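If you're wondering where the values come from, they're calculated on a predicted model, not measured in any experiment.
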Amino acid sequence: MKKLTMILLSCTILLSGCWDTREFKEVKLGITAAYDLIDDGIYTNTILIPNVQNSAQGPGKESTQFLTATGHTPTDARLNIDRRLSSTYSPAQLDVVLFGSDLAKQDIYPYVDAYYRDPRMHLDVVPAVVKGSAEQALKVVPKSEIRPSEYIEGILDSEVDTTNSFETSLQAIGSELYEEGEDFSLPLLKVGDGGKTVSYEGLALFHGSRYSGKDIPYDHTTLFLLMKKQKGKIARINAKIFEGKKPEPDNYTTINVEDYSSKIKSKPDKQNKVRTDVTLDLTIMIQEYPQDHLSLNKLPEVKKRLEKALTDQANETISIIQEANSDVFGIGRSMYGHYPSYWKKLDWEKDFKEIKIVPHITVNIRSRGIFR
């Protein structure tokens, strides 16, 4: 009898569900969501829900459902969406959440607060900013896409692979939202081609939980991410190293970064002001050099011109970052950790724009290509 009791008790424990378990049939999973500001204190929440119809002949066919509702809080809008669904809408399985630029400039925290409080939410969701309307971007479904629900997610993933963006999530930006001394950036998207496509535009710079309205442009993102010690599967940079040559492509070269090392060091200088040195060493392969066959005697000049062009690009990026007051290098957090007494004297809200950030970039040309 005791043995039977133990078996029944074990089965009860193993078969009992978690406190927050919900059957899939009870919820509709929103794979992508968008938030937009439409009026002071009123915003819209748009969701994309994929539905797969089973087929006896082969793979099921996916259809896409879009629903939009207004509200004063995210939960308010979600409840208004639920009123039009046969079952409850759950944002717990979101892959991407989009913020319209006008809303992001006010503050994104009220729209992500629930993700950090509700244990049923997962924090792997990827946040991104859309120039203009996030709802408009969400509803772009190119005919060439087999699975419309994965369109925007696919764009973001491909930019990570090519070192134009980086892997981010609500979990990754959580500390920057709560702590002083480091800001973050998010992927920036834009609707183009008359509303037919969505394109990746660069990185939106945040100060605290507000979008600054300033961006690192697409052609500067790879160098910026390498300075930040982040690299995808491929890292290519196009640089203008000459002026006035004809035809125009002769002024440019494209490099493929094979290896790199980066170091960011901050400390008070002799004038008792913060100085940050960003040292980046690149080992590259020349991928495009239309001007000629790139003989050995040309390499020293190309190396010198490349280093200057990349340093100029880095300085342009640093100017944008400081203008946005966005400490994406985490300089403040470094100063707080290494020089706590000095940090207490700083007013980082004002001082960050005035500190000196100096890039040091060196290039080692390992290969000129297989044909020469």
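Residues forming a salt bridge (Lys or Arg N to Asp or Glu O under 4.0 Å) with Glu258 (at least two apart in sequence, or on another chain): Arg366. Considering only residues two or more places apart in sequence or on other chains, Lys231 meets the salt bridge (Lys or Arg N to Asp or Glu O under 4.0 Å) condition with none of them. The side chain to side chain donor-acceptor pair (under 3.5 Å) check on Gln106 picks up nothing, with sequence neighbours excluded. Annotation: salt bridge (Lys or Arg N to Asp or Glu O under 4.0 Å) contacts of Asp269 (sequence neighbours excluded): none.
Around CZ of Arg83, the count of heavy atoms belonging to other residues, nucleotides or ligands within 6.0 Å does not exceed 12. Within 6.0 Å of the NZ atom in Lys240, the count of heavy atoms belonging to other residues, nucleotides or ligands exceeds 12.
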Show which side-chain atoms of residues 331-343 pair as donor or acceptor with protein atoms under 3.5 Å away, not counting sequence neighbours.
unit_1 : atom_1 : unit_2 : atom_2 : d
Arg333 : NH1    : Glu182 : OE1    : 3.2
Arg333 : NH2    : Glu179 : OE1    : 3.4
His338 : ND1    : Ser334 : O      : 3.0
Tyr342 : OH     : Asn272 : O      : 2.8

Identify every side-chain donor-acceptor pair in residues 277-286 under 3.5 Å, counting partners at least two apart or on other chains, and give the distances.
unit_1 : atom_1 : unit_2 : atom_2 : d
Asp277 : OD1    : Arg275 : NE     : 3.2
Asp277 : OD1    : Arg275 : NH2    : 2.9
Asp277 : OD1    : His360 : NE2    : 2.8
Asp277 : OD2    : Arg275 : NE     : 3.1
Asp281 : OD1    : Thr362 : OG1    : 2.3

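Inspection of the Gln171 and His122 side chains reveals no N or O donor paired with an N or O acceptor under 3.5 Å. Side-chain N/O atoms of Thr222 and Asn164 include a donor and acceptor closer than 3.5 Å. In the model, Ser169 has no side-chain atom that pairs as donor or acceptor with a side-chain atom of Glu167 under 3.5 Å. Between the side chains of Glu288 and Thr254, a donor-acceptor pair is found at a separation under 3.5 Å.
At least one side-chain heavy atom of Gln322 sits less than 4.5 Å from a side-chain heavy atom of Ile357.
Across Leu226 and Tyr260, no two heavy atoms sit closer than the pair O-CE1, 3.6 Å.
Salt bridge status for Glu354 with Lys350: absent, with no side-chain N to carboxylate O gap under 4.0 Å.
In this structure, CG on Asp183 lies 10.0 Å from CZ on Phe206, to the nearest 0.5 angstrom.
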